[in-house]
There are 2 protein chains.
Amino acid sequence: MASIKDVAAEAGVSVATVSRVLNDHPSVSPEARTRVLAAVEALGYRPNAVARSLRTDQTHTLGLVISDVMNPYFTELARAVEEEARALGYSVIFGNADERRDLQDHHVRTLLDRRIDGLLVSPTDGGSPLMLDAVRSGTPMVFVDRWIAGMDVPVVRADGRQAVRDLVAHLHGLGHRRLAIIAGPAATTTGRERVDAFREALRAYDLELPDDHIGQGDFQAESGRRATERFLDLPEPPEVVFAADNLMALGVLDAVRARGLRIPEDIGLAAFDDIPWFVHTDPPITAVAQPTRELGRAAVRALVDRIEGRTPKSVTLPARLVVRRSCGETAPERSTS
Amino acid sequence: MASIKDVAAEAGVSVATVSRVLNDHPSVSPEARTRVLAAVEALGYRPNAVARSLRTDQTHTLGLVISDVMNPYFTELARAVEEEARALGYSVIFGNADERRDLQDHHVRTLLDRRIDGLLVSPTDGGSPLMLDAVRSGTPMVFVDRWIAGMDVPVVRADGRQAVRDLVAHLHGLGHRRLAIIAGPAATTTGRERVDAFREALRAYDLELPDDHIGQGDFQAESGRRATERFLDLPEPPEVVFAADNLMALGVLDAVRARGLRIPEDIGLAAFDDIPWFVHTDPPITAVAQPTRELGRAAVRALVDRIEGRTPKSVTLPARLVVRRSCGETAPERSTS
DNA sequence: CCTCCTCGTGGAATCGATTACACGAGGGAT
DNA sequence: ATCCCTCGTGTAATCGATTCCACGAGGAGG
């Protein structure tokens with residue numbers, strides 16, 4: 001692979017001149033420029049990004065450590081992040097933590113070793129020492145979706161509070177009173193917040209959220225299935241289950257199906273996170289939709305602001321309720337017929 | 001950030017010795033080793049991967065350029081690739097081509113600039129000059145899922161021929177005779193192969209595949225929707241539609257639903273690629289399942305073989321049919337009752 | 001006691017870029 | 001004609017690692 005020296009030799013100039021042409025530095029004569037350009041063309045030369053990074057101490061690369069790529073919500077987030085980063089001249093290296101702290105640390109470490117310019121993280125848990133170190137050592141960092149309390153890092157996330165209130169209003173309007181939730185891991189902010197928002201919304205209708213109506217999930221389908229089975233074993237099962245993410249909602253579908261029950265007739269279902277497939281399930285699922293692409297874009301902008309010396313700001317965008325049929329028929333055309 | 005010099009100073013040895021300890025070279029005295037290790041610990045030193053790569057000319061990084069991340073099939077493939085790569089000591093940088101040639105080239109170029117050790121590609125089209133160059137210049141490369149004819153590059157893919165024969169047998173057994181397919185882009189191998197396999201399987205039953213029963217899709221949901229509408233507008237619409245990937249199957253669902261028709265009563269549906277959600281759609285969808293994780297793993301192994309000087313081999317794994325309800329009830333428990 | 005080999009170590013070259021500094025040529029002002 | 005400034009260019013240092021080579025100490029063998 002041709003190096004800058006080869007180009008310099010071919011063009012009959014020094015490497016300095018070649019470098020200047022490539023970084024379009026003003027003081028290069030027109031003829032030198034054309035000769036260099038011709039040599040570049042002739043040799044098919046492409047600058048070695050590794051060498052460049054070593055010298056300039058910037059890689060023009062962002063790291064994104066995500067909790068679970070197989071979760072469509074995070075997939076979409078990842079895609080939005082890459083798009084915006086590309087628009088701003090950065091590449092993205094993804095790391096999939098699979099909701100595991102060791103994997104998360106593994107990725108953060110390799111990304112740091114590669115001297116990425118900045119790090120985007122949706123932390124799996126309450127924050128490892130490694131992450132602490134990273135921030136202290138000055139690596140630009142932004143949290144997206146989830147965050148870690150007590151760390152001075154900008155956060156880009158959605159606020160589902162109002163949407164959850166809307167959901168509870170919707171459920172109440174349909175006559176449901178015994179509502180249950182399948183929570184995410186308590187170590188994650190989203191795991192806790194969604195339960196809090198739900199409880200708070202219930203309180204407005206003087207409804208309780210007893211402990212046996214809170215399932216402990218881990219944002220994976222299997223945990224949704226297990227929690228649902230426990231709900232169904234209750235002497236008085238809930239009328240509606242609210243899954244705190246889309247994968248656990250999938251688990252609810254599994255469990256209900258396995259018992260030969262039907263949604264929404266036997267039990268209702270709603271989910272946090274809206275994904276394209278929810279339109280095509282049996283029945284279509286009512287969900288709280290996050291502005292996923294906007295979140296990804298905003299997160300990148302905040303991180304790049306930080307990298308390029310501007311002061312980044314935290315961003316919170318509202319989520320919204322999308323009503324479908326999984327909690328019961330919302331508006332029968334005519335009640336008498 | 002501490003460099004190897006700082007460590008050397010702290011330990012009172014030369015940088016050469018530090019490097020030797022870090023790469024556990026045999027000839028280092030025990031005391032020197034412990035002093036260096038202590039210094040590394042004290043300073044929180046981590047080797048700079050950029051500098052190391054420049055010197056050794058290897059990045060221990062694989063590039064993966066994928067046609068469309070939002071397609072669950074590719075998401076799973078990407079995940080499998082990353083897992084296997086990690087197990088073998090490599091990182092992976094992903095590029096999402098979004099079925100666009102310019103984006104594909106963009107990613108290939110940046111990956112090459114970063115001097116990745118090898119490239120895994122599921123090509124979007126018939127092969128750009130850039131890809132040709134990459135191979136000629138000696139970059140280790142392996143095609144996964146799709147490939148480009150005439151290029152001397154190992155291919156790791158699934159063979160759906162038998163599974164498609166099984167599908168046609170299944171459909172024929174259910175009494176269906178007018179079968180249609182929504183094809184992928186003719187520029188992709190998978191786009192063509194699946195149609196060929198389908199046509200061949202039909203021939204075994206003396207069935208035709210007329211032109212107006214071949215929809216031109218592009219592996220995206222919207223194209224599935226449009227093709228379905230054309231099918232439904234036919235004087236004699238097909239009895240079953242076979243979508244050549246999972247996203248176009250989603251489009252079929254949309255279109256059918258929009259007309260107020262039902263699956264499988266009014267029209268049947270089958271898809272290439274099986275994904276978790278197909279179990280939960282209304283109705284569950286019959287699909288040809290690829291051994292996605294195995295494909296990802298095999299692809300990485302082939303690439304790493306090539307990188308490390310062994311001769312890689314192409315791999316073809318069989319796909320298999322998963323029958324669900326979207327083409328009609330397969331085995332009524334008892335026909336009389 | 002001398003020679004030779006092994007072992008541990010350090011100095012310095014190297015990878016491929018960027019960039020500070022020096023230098024010579026040419027032009028404008030005095 | 002002299003001085004000075006600007007412009008274009010080249011030389012060389014630098015980034016942080018790896019690794020070849022040289023060297024000195026110490027042990028083994030003659």
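Here the structure is a predicted model, which means the values were calculated and not measured. We name chains A, B, ... by the order of the sequence lines, and we start the count at 1 in each one.
One can find a donor-acceptor pair under 3.5 Å joining the base of C:dT14 and the side-chain atoms of B:Arg55. Remark: the A:Arg20 side chain and the D:dG10 base include a donor-acceptor N/O pair separated by less than 3.5 Å.
Within the nucleic acid shown, A:Ala32 comes within 4.0 Å of sugar-phosphate atoms alone, with no base atom in reach, counting heavy atoms only. Contacts of A:Val18 with the nucleic acid, taken as non-hydrogen atoms under 4.0 Å apart, are absent. Within the nucleic acid shown, A:Val13 comes within 4.0 Å of sugar-phosphate atoms alone, with no base atom in reach, counting heavy atoms only.
Scanning all heavy atoms of the two residues, the minimum distance from B:Leu43 to B:Glu10 falls at CD1-CB, 4.1 Å.
Between A:His60 atom NE2 and C:dA17 atom C1' the separation is 14 Å, expressed in whole Å. As rounded to whole Å, 14 Å separates atom P of C:dG8 from atom CZ of B:Arg35. When rounded to the nearest whole Å, the span between NZ of A:Lys5 and P of C:dA13 equals 13 Å. To the nearest angstrom, C1' of C:dA25 lies 14 Å from CD of A:Glu31. The nearest whole Å value for the distance from the CZ atom in B:Arg52 to the C1' atom in D:dG16 is 11 Å. A straight line from CD of B:Gln58 to C1' of D:dT18 spans 11 Å, rounded to a whole angstrom. In this entry the distance linking CE of A:Met1 with P of C:dA17 reads 10 Å, nearest Å. Atom pair A:His25:NE2 and C:dC21:P shows a separation of 14 Å (rounding to whole Å applied).
Two residues are said to be in side-chain contact when any heavy atoms from C-beta on lie closer than 4.5 Å; B:Pro123 and B:Met131 meet this criterion. Residues A:Asp145 and A:Tyr73 form a side-chain contact, since some pair of their non-hydrogen atoms from C-beta on lies under 4.5 Å apart. You'll find the side chain of B:Arg157 stays beyond 4.5 Å of the side chain of B:Val144, heavy atoms only.
The side chain of B:Ser14 places no N or O atom within less than 4.0 Å of a non-bridging phosphate oxygen (OP1 or OP2) of C:dG11. In terms of phosphate contacts, A:Asn23 brings a side-chain nitrogen or oxygen within less than 4.0 Å of OP1 or OP2 of C:dT18. Within the structure, every side-chain polar atom (N or O) of B:Ser53 is placed at least 4.0 Å from both OP1 and OP2 of C:dC15. Taking 4.0 angstrom as the limit, B:Thr56 places none of its side-chain polar atoms (N or O) nearer than this to OP1 or OP2 of D:dT18.
B:Asp68 and B:Gln220 form a side-chain donor-acceptor contact under 3.5 Å, judged by distance and modelled atom types alone. Looking at A:Asn96 and B:Glu83, their side chains never bring a donor and an acceptor atom within 3.5 Å of each other. Side-chain atoms of B:Thr61 and A:Arg114 include a donor-acceptor pair closer than 3.5 Å.
Checking C:dG16, C:dT9, D:dT9 against every side-chain atom of B:Ser29, the shortest atom distance belongs to C:dT9. Set against D:dT19, D:dG16, D:dT9, the side chain of B:Ser3 has D:dG16 as its closest nucleotide. Comparing C:dG10, D:dT9, D:dG16 by their closest approach to the side chain of A:Leu54 singles out D:dG16.
Along DNA chain C, the nucleotide nearest to B:Arg33 and the one nearest to B:Arg115 differ in position, and the one closer to the 5' end is contacted by B:Arg33. Place B:Ala51 and B:Thr17 on DNA chain D by their nearest nucleotides, and B:Ala51 ends up nearer the 5' end.
Axis orientation changes by 50° from one end of the helix from C:dC1-D:dG30 to C:dT30-D:dA1 to the other, with each end axis drawn from 5 pairs and the value rounded to 10°.
Summarising the local packing, CG of A:Asp57 is surrounded by 12 or fewer heavy atoms from other residues, nucleotides or ligands at distances under 6.0 Å.
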